[in-house]
J.: 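Take this structure, written in structure tokens, and hold onto it; I'll ask about it next.
When reading the values below, keep in mind they use all heavy atoms of this one structure, side chains included, and skip hydrogens, waters and symmetry mates.
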Amino acid sequence: KKLERKLLSISSIERVDVFKNMNGTLEIKVEQRKPIARVFNRNGYSVYLDDNGKTMQVSDFYTARVLVINGHLNLKVGENIEAITHNDSLKGLTLIDELYELAAYIEKDKFLKAQIEQIYVKRNKEVILIPKVGNQEIIFGKVEDVDAKFKKLILFYKEGINPTNLNLYKTINLKFNNQIVCKKNK
């Protein structure tokens, strides 16, 4: 039990079982947590968010290739996000629940996961998505109507634009109901 507690204190471990088998050999079974996003505050402090919305400390030995979330976040060094999610006033300041919802949605959709590489939070708490392909910004707005906004974006990419013309646009705005508003590059 002492060894299990010690191993569980490592933030990247989800579950651990330590036991002796029939031959008396000590066996350790470890299940790792799966990071889906890395959250950076404005001072460079960062943590991972796992697929259950919990935080993981970054490692000196490994960097997960995941979605980046940064911008105007009120995440402080050493702040426990699990505690934030139980405090309504802090939760509103950090947007952590909403950002997890957005990251989890992107993680679950194969197309979006291949397309979106960064979520940027503006000072007014609106979100900009940065794609892996193309130079445009995707103006997502407030983290609401997530499903409808992403359906519009997927439709735009799959049926609305020729992939060779992606760099014609400076912005793709998803904030409006039933429409996408694009601004062309000059």
Side-chain angles (χ1 to χ4, degrees), residues 1-21 25-122 125 127-133 138 140 142-147 149-151 153-154:
K1 291 295 175 193
K2 191 186 279 188
L3 187 53
E4 283 179 357
R5 280 193 300 275
K6 182 70 174 168
L7 289 169
L8 283 172
S9 70
I10 301 170
S11 70
S12 62
I13 294 179
E14 179 78 29
R15 286 187 196 88
V16 65
D17 285 319
V18 178
F19 58 93
K20 283 188 179 181
N21 66 18
T25 305
L26 185 67
E27 289 193 30
I28 301 174
K29 292 188 178 188
V30 175
E31 185 179 322
Q32 286 185 254
R33 293 169 63 191
K34 182 182 179 212
I36 63 168
R38 187 165 178 179
V39 181
F40 288 86
N41 74 3
R42 304 230 353 123
N43 298 322
Y45 169 70
S46 72
V47 292
Y48 287 111
L49 276 181
D50 76 0
D51 55 349
N52 293 314
K54 295 187 177 179
T55 59
M56 298 169 48
Q57 295 302 314
V58 296
S59 169
D60 293 335
F61 307 105
Y62 172 75
T63 301
R65 300 191 77 178
V66 294
L67 183 69
V68 171
I69 301 173
N70 65 348
H72 294 273
L73 299 168
N74 290 324
L75 183 64
K76 294 178 177 56
V77 175
E79 196 161 38
N80 182 334
I81 292 182
E82 286 73 40
I84 290 171
T85 59
H86 292 60
N87 182 326
D88 287 339
S89 60
L90 286 177
K91 191 166 36 171
L93 290 173
T94 61
L95 293 177
I96 202 66
D97 283 352
E98 292 89 343
L99 294 171
Y100 166 69
E101 177 188 356
L102 210 52
Y105 194 101
I106 292 168
E107 175 70 21
K108 288 177 186 164
D109 187 283
K110 194 174 185 178
F111 178 81
L112 291 173
K113 186 175 178 180
Q115 182 63 14
I116 306 298
E117 74 177 345
Q118 179 183 350
I119 297 172
Y120 180 80
V121 180
K122 293 172 47 176
K125 304 298 182 206
V127 169
I128 304 277
L129 304 176
I130 308 298
K132 292 178 183 175
V133 178
I138 301 165
F140 196 84
K142 300 282 184 201
V143 183
E144 56 193 15
D145 303 320
V146 172
D147 189 53
K149 288 178 181 179
F150 277 130
K151 282 181 179 173
L153 181 64
I154 291 169

J.: Start with the C-alpha distance between Ile119 and Val68, add both sets of side-chain angles, then the distance that settles side chain to side chain contact (heavy atoms under 4.5 Å, CB included), and finish with yes or no.
T.: CA-CA 6 Å; Ile119 297 172; Val68 171; over 6 Å; no

J.: Quick one: does any side-chain atom of Asp50 pair with a main-chain N or O of Lys54 as donor and acceptor, under 3.5 Å?
T.: yes

J.: On a heavy-atom basis, which atom in Val16 and which in Leu8 lie closest, and how many Å separate them?
T.: CG1-CG, 3.5 Å

J.: State the CG-CD1 distance between Leu7 and Ile28, to the nearest 0.5 angstrom.
T.: 6.0 Å

J.: Just wondering, do Thr63 and Arg38 contact through their side chains at under 4.5 Å, heavy atoms?
T.: yes

J.: Output, in order, the C-alpha distance, side-chain angles, deciding distance and verdict of side chain to side chain contact (heavy atoms under 4.5 Å, CB included) for Thr25 and Lys20.
T.: CA-CA 5 Å; Thr25 305; Lys20 283 188 179 181; over 6 Å; no

J.: What's the spacing between Ile69 CD1 and Leu99 CG if we round to 0.5 Å?
T.: 5.0 Å

J.: To the closest 0.5 Å, what do you measure between CD1 (Ile130) and CD1 (Ile138)?
T.: 8.0 Å

J.: Please list all pairs meeting side chain to side chain donor-acceptor pair (under 3.5 Å) that have one or both residues in residues 8-17, counting only residues at least two apart or in different chains.
T.: Arg15-Glu31

J.: Nearest 0.5 Å, what's the CD1-CE distance between Ile13 and Met56?
T.: 9.5 Å

J.: Would you please name every residue forming a ring pair (Phe, Tyr, Trp, His ring centres under 6.0 Å) with Phe140, sequence neighbours left out?
T.: Phe150

J.: Does the Tyr48 side chain pair with the main chain of Val66, one donor and one acceptor, at a distance under 3.5 Å?
T.: no

J.: May I ask you to decide if Tyr45's main-chain N or O and Asn43's side chain share a donor-acceptor pair within less than 3.5 Å?
T.: no

J.: With rounding to the nearest 0.5 Å, note down the distance linking CD in Gln32 to CD1 in Ile10.
T.: 10.0 Å

J.: What pairs with Glu4 under salt bridge (Lys or Arg N to Asp or Glu O under 4.0 Å), at least two apart in sequence or on another chain?
T.: Lys1

J.: For residues Lys132 and Glu117, report the shortest heavy-atom separation together with the two atoms involved.
T.: CG-CB, 3.4 Å

J.: Return the set of residues passing side-chain contact (heavy atoms from CB on, under 4.5 Å) with Asp60 (not counting sequence neighbours), or none when no residue passes.
T.: none

J.: Would you say the side chain of Arg42 lies within less than 4.5 Å of the side chain of Leu73, judging by non-hydrogen atoms?
T.: no

J.: Which value, rounded to the nearest 0.5 Å, describes the distance between Asn52 atom CG and Tyr100 atom OH?
T.: 6.0 Å

J.: Pairs of donor and acceptor atoms involving the side chains of residues 101-109, under 3.5 Å and at least two apart or interchain, shall be tabulated with distances.
T.:
unit_1, atom_1, unit_2, atom_2, d
Tyr105, OH, Asp147, OD1, 2.5
Glu107, OE2, Lys34, NZ, 2.8
Glu107, OE2, Lys113, NZ, 3.0
Asp109, OD1, Phe111, N, 3.0
Asp109, OD1, Leu112, N, 2.8

J.: Tell me every residue that passes side chain to side chain donor-acceptor pair (under 3.5 Å) with Gln118, counting only those two or more places apart in sequence or in another chain.
T.: Asn70

